Amino acid sequence: MLDGGTPAAPGLGKALLDWYRRCQRPLPWRGERDPYRILLAEVLLQQTRVAQAIPYYRRFLERFPTLEALGRAPLEEVLRVWQGCGYYARARNLHRLAQQTRTLPSTYAGLRKLPGLGPYTAAAVASIAFGEAVAAVDGNVRRVLSRLYAWEDPPPKRLQQLAQGLLEGALGWASPGEWNQALMELGATLCTPRRPACPRCPVERFCRGKGEHDRYPLPKSRRQKPLELTALVLRGPAGVYLEPRPEGALGGLWGVPMAEGPEGLEQLLRRFGLKEARLVGGLRHDFTHRRLQVWVYQAPWEGGEDPKKRPLSRLDQKILALLGAT
DNA sequence: AACTCGGGGAC
DNA sequence: GTCCCAGAGTT
């Protein structure tokens, strides 16, 4: 409960819970009991905003209503439903999980062993679906606690202890799942990164970082490295030539042939026995840590297939859209 | 501990 | 343009 001399202020828990029960956003997975659906929501929400996750949540459940249905489906079909959502390892892990287990474990320890379930997601599912008293610490909770205790860069371990102490202190009037979600909801709707709505915050009077939200937590800078790519769209009567992306980045998805660097075009031409290709245009695409400049070339081809039948990344969709080849 | 992995929305 | 989102896995 105590962590470096930062006890939970009395009254904080109740204030937060009252607010949460009144003001929570109506989301498709609110009140959900099916552990599979709760798990799906949590995985979709990994590094993904609620608004973006919702349509995928609905579509995914429509196509794979149960863990069994997911396990029976081919990976490529799972990825096709996931396409455009990013972080495709989530879909691969979820599919692998569904093939491993028909029934989800009901404890944090059991869930934690499953592919794609890290500390946060295992805790979220354990608490929300099974009522286990374990704190789920995500980016929201990290920010809320950092501000609440005016702690610029709280170490992950301390943060977990702090959140666990708060949760246990709140057990008298909140279920573990409800408490975890209340803390996250606060971070997602009021205690936001840029301009927090402190006047509307139910726990403002407990907040030691109030008025200095930009210090808590300290922003971590990350820089993007520029990368130049050449893409070759081979167009034939039946569509375009597609190939599976190599393992690693975008693994499991398909796309048009691409090569890195200034020699990219020559490599591609050599690879397909072509003399020339026509430059159709360029586009930019950002990954979290990369800034891509893509030069798109086009050449005639004999074969090809319908791109709609393959799972494609947003990057490849952009490339194909550039030529109207979708 | 430091990288890598998507995509998009808010500002 | 920048930041970061209901993070996890690998090195």
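In the text below, chain A, chain B and the rest are named by the order of the sequence lines, each starting its count at 1. Quick caveat: nothing in here was measured; it's all calculated off a predicted structure.
- Using a 4.0 Å cut-off, no side-chain N or O of A:Arg92 falls inside it from OP1 or OP2 of C:dG9.
- Look at CG on A:Leu312: it is 14 Å from P on B:dG6, rounded to the nearest Å.
- Picking from B:dG7, C:dG9, C:dA6 the nucleotide with the shortest atom distance to the side chain of A:Arg30 gives C:dA6.
- Residue A:Arg143 is in sugar-phosphate contact alone, with no base atom involved, counting any heavy-atom pair closer than 4.0 Å across all strands shown.
- Remark: A:Gln46 is not in phosphate contact with C:dG7, judged by side-chain N or O atoms under 4.0 Å from OP1 or OP2.
- If you check every strand for non-hydrogen atoms under 4.0 Å, A:Trp29 touches a base.
- Here the side chain of A:Glu32 pairs a donor or acceptor atom with the backbone of A:Asp34 at under 3.5 angstrom.
- Along DNA chain B, the nucleotide closest to A:Arg195 and the one closest to A:Thr288 are compared, and the more 5′ of them pairs with A:Thr288.
- Cluster annotation: A:Val203 is not connected to A:Tyr216 through the hydrophobic network of ILVMFWY side chains, with a link wherever side-chain heavy atoms come within less than 4.5 Å.
- Residues A:Arg147 and A:Glu212 are not paired through a salt bridge, judged by the lack of any N-O separation under 4.0 Å between the basic side chain and the carboxylate.
- One interatomic measurement links the two molecules: OH of A:Tyr87 to P of C:dA8, which rounds to 12 Å at whole-angstrom precision.
- Atom pair A:Leu79:CG and B:dG6:C1' shows a separation of 13 Å (rounding to whole Å applied).
- Grouping the Ile, Leu, Val, Met, Phe, Trp and Tyr side chains by contacts below 4.5 angstrom, directly or via other members, places A:Trp179 with A:Leu148.
- Remark: P of B:dC5 and NE2 of A:His289 are 4 Å apart, rounded to the nearest angstrom.
- Proximity note for A:Tyr120 (side chain, C-beta onward) versus C:dG7, C:dC4, B:dG7: the nearest is C:dG7.
- With rounding to whole Å, A:Leu114 atom CG is found 12 Å from C:dA8 atom P.
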Strictly under 3.5 Å: I want the nitrogen or oxygen pairs between protein and nucleotides 1-3 of chain B, one per line.
none

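- Not one side-chain nitrogen or oxygen of A:Tyr56 sits closer than 4.0 Å to the OP1 or OP2 atom of B:dG7.
- Base contact: A:Leu27 has a heavy atom under 4.0 Å from a base atom.
- A salt bridge does not link A:Lys309 to A:Glu77: none of the charged nitrogens lies less than 4.0 Å from a carboxylate oxygen.
- Side-chain atoms of A:Thr48 come within donor-acceptor range of the base of B:dG6, with a qualifying N/O pair under 3.5 Å.
- In this structure, CG of A:Asp286 is placed 10 Å from C1' of B:dG7, rounded to the nearest angstrom.
- Here A:Arg290 does not reach the OP1 or OP2 of B:dG6: none of its side-chain N or O atoms lies under 4.0 Å away.
- Within the 4.0 angstrom heavy-atom criterion, no nucleotide atom of any strand lies near A:Glu42.
- When heavy atoms are screened at a 4.0 angstrom cut-off, A:Gly251 is found touching no nucleic acid atom at all.
- When the P atom is used for both C:dT11 and B:dG6, the distance is 16 Å, rounded to whole Å.
- Distance, A:Arg90 CZ to C:dA6 P: 12 Å, rounded to whole Å.
- Heavy-atom minimum distance, A:Pro74 versus A:His95: C-NE2, 4.1 Å.
- Between A:Arg49 and B:dA10 there is no side-chain polar atom (N or O) within less than 4.0 angstrom of OP1 or OP2.
- The side chain of A:Arg25 lies closest to C:dA6, out of B:dG6, C:dG7, C:dA6.
- Under the 4.5 Å side-chain heavy-atom criterion for grouping Ile, Leu, Val, Met, Phe, Trp and Tyr, A:Ile319 is not connected to A:Leu274 through any hydrophobic cluster.
- Map A:Gly118 and A:Pro217 each onto its nearest nucleotide of DNA chain C; the residue landing nearer the 5' end is A:Pro217.
- Following rounding to the nearest Å, A:Gln160 (CD) and C:dG7 (P) show an atom-to-atom distance of 13 Å.
- Straight-line distance between the C1' atoms of B:dC3 and C:dA6: roughly 23 Å, to the nearest whole Å.
- The 5' end of DNA chain C is approached more closely, in terms of each residue's nearest nucleotide, by A:Arg194 than by the other of A:Gly139 and A:Arg194.
- Within the 4.0 angstrom heavy-atom criterion, no nucleotide atom of any strand lies near A:Thr192.
- Seen from the ring of A:Tyr56, A:Arg59 counts as a face-on cation partner, given the 6.0 Å and 45° thresholds.
- In this structure, the side chain of A:His285 does not engage the main chain of A:Arg291 through any donor-acceptor pair within 3.5 Å.
- Using a 4.0 Å heavy-atom criterion, one finds that A:Leu250 contacts the sugar-phosphate atoms exclusively.
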